[in-house]
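This report concerns only the one structure given below.
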Amino acid sequence: MKMENYSVEGRVGEGAHGLVLMAKHLPTGKQVALKKVLLKKIDDGIPNSVVREIKALQEIDCKFVMKLLDFFPHGVGFILVFDFMPSGLWEMIHDMDNKLQDGQIKSYMQMLLKGVAYLHDHSIMHRDLKPANLLVSASGILRIADLGLSRVVWSGANSGHNSRPYSHQVATRWYRAPELLYGARQYSYAIDLWAVGCILAELNNSSPLFPGETDIDQLAIVLRGLGTPTEAIWPGLTTLPDYNKISFPPARPLPWSTLLPDSSSALVDLAKHLLVYDADRRLTASQALEHSYFFTAPLPVPLSEMPHPPSDHRQRLKAREISSYSVDKPMTNDLKSLQLYLSD
């Protein structure tokens, strides 16, 4: 595949390594997304995060995880090719003209958990689940994207616990599990399930549950919401690397009716079993899919009743300036500048 096979039509957003562009595959007419990865230092080679993402994507074949269609070198970097997804969960949450119904929220959560279960069954921790990394197709399917921080769990791991240390500087702050906030270097798939719990709350509240401005503020907000943890409820807490670096005033947990207002008892119960300090007590993705939340009225809706975002859904929301919480830069129709960007 060469760049000449694609006609760039617009800009979707910008990630850590470069632009994501909307394009048409000229031989087939198929609309795709091109993720251009620039090598900032050619002598250093391809960034490890990009290598991890490509390797993980090459092994994945799941309806609810983005599939890598192709990749090829281009200029001082290379291009990753994906199906074009006109929107994402962040946009769906913030589309106030089309507020999500309870049954639709349950369907999104089912799709998310099925994708997470697939990744974990294939020994992959995503490590950066958040609404901005969950894309939505024109037919309404949610797919997990951006595996740049993902890691394969070491083969000697037990129940997802790693025998080798990993970086704790993973996951976007608002969705970062408390063990990571305390500097844990050894952790399990459960960090993804904490993020799923935060996403469930955000779908319900239409706003992030724990929006910290700094890492310390993030931990403080979590502790104020769920109460001060102890060794009794979180075995191993006091041995975490950063436990003694800072202390917070003792706090009692807020009522769940405050954390998740206007929520069903089933939703609250699912959140309680995901947003647990002790990672060993969090539900797995497969267990969460069997929770009563998904089997009580209103039931998850079929795909035909899910939102079907138009191709310009992102642009519409950005034009309204509905929120300052955005992960993408404004879109541009300046195709000439995009072509110049690609031409190197």
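Please read all numbers here as calculations on a predicted model, not as lab measurements. No hydrogens, no waters, no symmetry mates; every other heavy atom, side chains included, goes into these values.
Atoms CG and CD1, from L113 and I199 in turn, are 9.5 Å apart once rounded to the nearest 0.5 Å. Expressed to the nearest 0.5 Å, how far CG of L223 lies from CD of Q218 amounts to 10.5 Å. Atom CG of residue L119 and atom CD1 of residue I124 lie 5.5 Å apart, to the nearest 0.5 angstrom. Of the inter-residue distances, the one linking L34 atom CG with E9 atom CD reads 10.0 Å to the nearest 0.5 angstrom. From I191, atom CD1 reaches atom CZ of R176 across 10.0 Å, with rounding to the nearest 0.5 Å. Between atom OG of residue S207 and atom CG of residue L203 there is a gap of 11.0 Å, rounded to the nearest 0.5 Å.
Scanning all heavy atoms of the two residues, the minimum distance from A23 to V8 falls at CB-CA, 4.0 Å. Among all heavy-atom pairs drawn from V116 and A285, the shortest one is CG1-CB, 3.9 Å. Considering every non-hydrogen atom in both M306 and S107, the closest pair reads SD-CB, 3.4 Å. Closest approach of A279 to S188, counting heavy atoms only: CB-OG, 4.4 Å. Residues P73 and F78 come closest through the heavy atom pair CA-CB, 3.5 Å. What you find for H313 and S87 is that their closest heavy atoms are ND1-OG, 2.6 Å.
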Side chain to side chain contact (heavy atoms under 4.5 Å, CB included) between L275 and W194, intermediate numbers included: CA-CA 5 Å; L275 299 172; W194 174 275; 3.9 Å; yes

Applying side chain to side chain contact (heavy atoms under 4.5 Å, CB included) to Y293 and D269, what does each step give before you reach the verdict? CA-CA 8 Å; Y293 169 68; D269 189 72; over 6 Å; no

Side chain to side chain contact (heavy atoms under 4.5 Å, CB included) for L289 and K114? Distances and angles first, verdict last. CA-CA 8 Å; L289 282 165; K114 287 177 180 178; 3.9 Å; yes

Worked verdict on Y175 versus R127 for side chain to side chain donor-acceptor pair (under 3.5 Å): CA-CA 10 Å; Y175 309 91; R127 304 201 305 179; over 6 Å; no

Run L142 and Q110 through side chain to side chain contact (heavy atoms under 4.5 Å, CB included) and show every step you take. CA-CA 9 Å; L142 179 145; Q110 275 188 331; over 6 Å; no

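The ring pair (Phe, Tyr, Trp, His ring centres under 6.0 Å) test with Y189 is passed by exactly one of H120, H126, H122: H120. Among K30, K63, K67, K35, the single residue meeting the salt bridge (charged side-chain N to carboxylate O under 4.0 Å, His left out) criterion with D83 is K30.
Taking the salt bridge (Lys or Arg N to Asp or Glu O under 4.0 Å) definition, one finds that R282 meets it with E179, sequence neighbours left out. Checked against salt bridge (Lys or Arg N to Asp or Glu O under 4.0 Å), K245 has the following partners two or more places apart in sequence or in another chain: D242.
Of the possible donor and acceptor atoms, none in the side chain of S206 sits under 3.5 Å from a partner among the backbone N and O of E202. N205 contributes a side-chain N or O that, together with a main-chain N or O of L259, makes up a donor-acceptor pair within less than 3.5 Å. Under a 3.5 Å cut-off, the side chain of R143 and the backbone N or O of I141 do not form any donor-acceptor pair. The backbone N or O of T239 lies less than 3.5 Å from no partner atom in the side chain of Y182, so there is not a single donor-acceptor pair. Of the possible donor and acceptor atoms, one in the side chain of Y277 sits under 3.5 Å from a partner among the backbone N and O of G227. Side-chain N or O atoms of W174 include none that pairs as donor or acceptor with a backbone N or O of L209 at under 3.5 Å. With H291 contributing its side chain and Q287 its backbone, the two residues share no donor-acceptor pair below 3.5 Å. The backbone N or O of D128 sits less than 3.5 Å from a side-chain atom of N133, completing a donor-acceptor pair. A side-chain donor-acceptor contact under 3.5 Å links Q104 to the backbone of Q101.
Counted by atom type alone, S137 and S139 present one or more donor-acceptor pairs between their side chains at under 3.5 Å. Under the 3.5 Å distance criterion, with hydrogens and angles disregarded, a donor-acceptor pair is assigned to the side chains of K130 and T172.
The existence of a salt bridge linking R173 and D217 is excluded, since no basic side-chain nitrogen approaches an acidic carboxylate oxygen closer than 4.0 Å.
Hydrophobic clustering of Ile, Leu, Val, Met, Phe, Trp and Tyr side chains at less than 4.5 Å, counting indirect connections, keeps V276 apart from Y243. Both I233 and L237 are part of a single hydrophobic cluster, where members link through side-chain heavy atoms under 4.5 Å apart. Under the 4.5 Å side-chain contact rule for hydrophobic residues, I105 and F295 share a cluster. Both V222 and I246 belong to a single network of hydrophobic side chains, linked directly or stepwise wherever heavy atoms of I, L, V, M, F, W or Y lie under 4.5 Å apart. Two different hydrophobic clusters hold V81 and L26 under the rule that ILVMFWY side chains link at heavy-atom gaps under 4.5 Å.
Aromatic ring pairs are classed by plane angle as parallel below 30°, tilted from 30° to 60° and perpendicular above 60°; the pair Y6 and H25 is tilted.
For L254, the CG atom counts as densely surrounded, since its 6.0 Å shell holds more than 12 non-hydrogen atoms of other residues, nucleotides or ligands.
Among residues at least two apart or in separate chains, there is no salt bridge (charged side-chain N to carboxylate O under 4.0 Å, His left out) pair with a member in residues 248-262.
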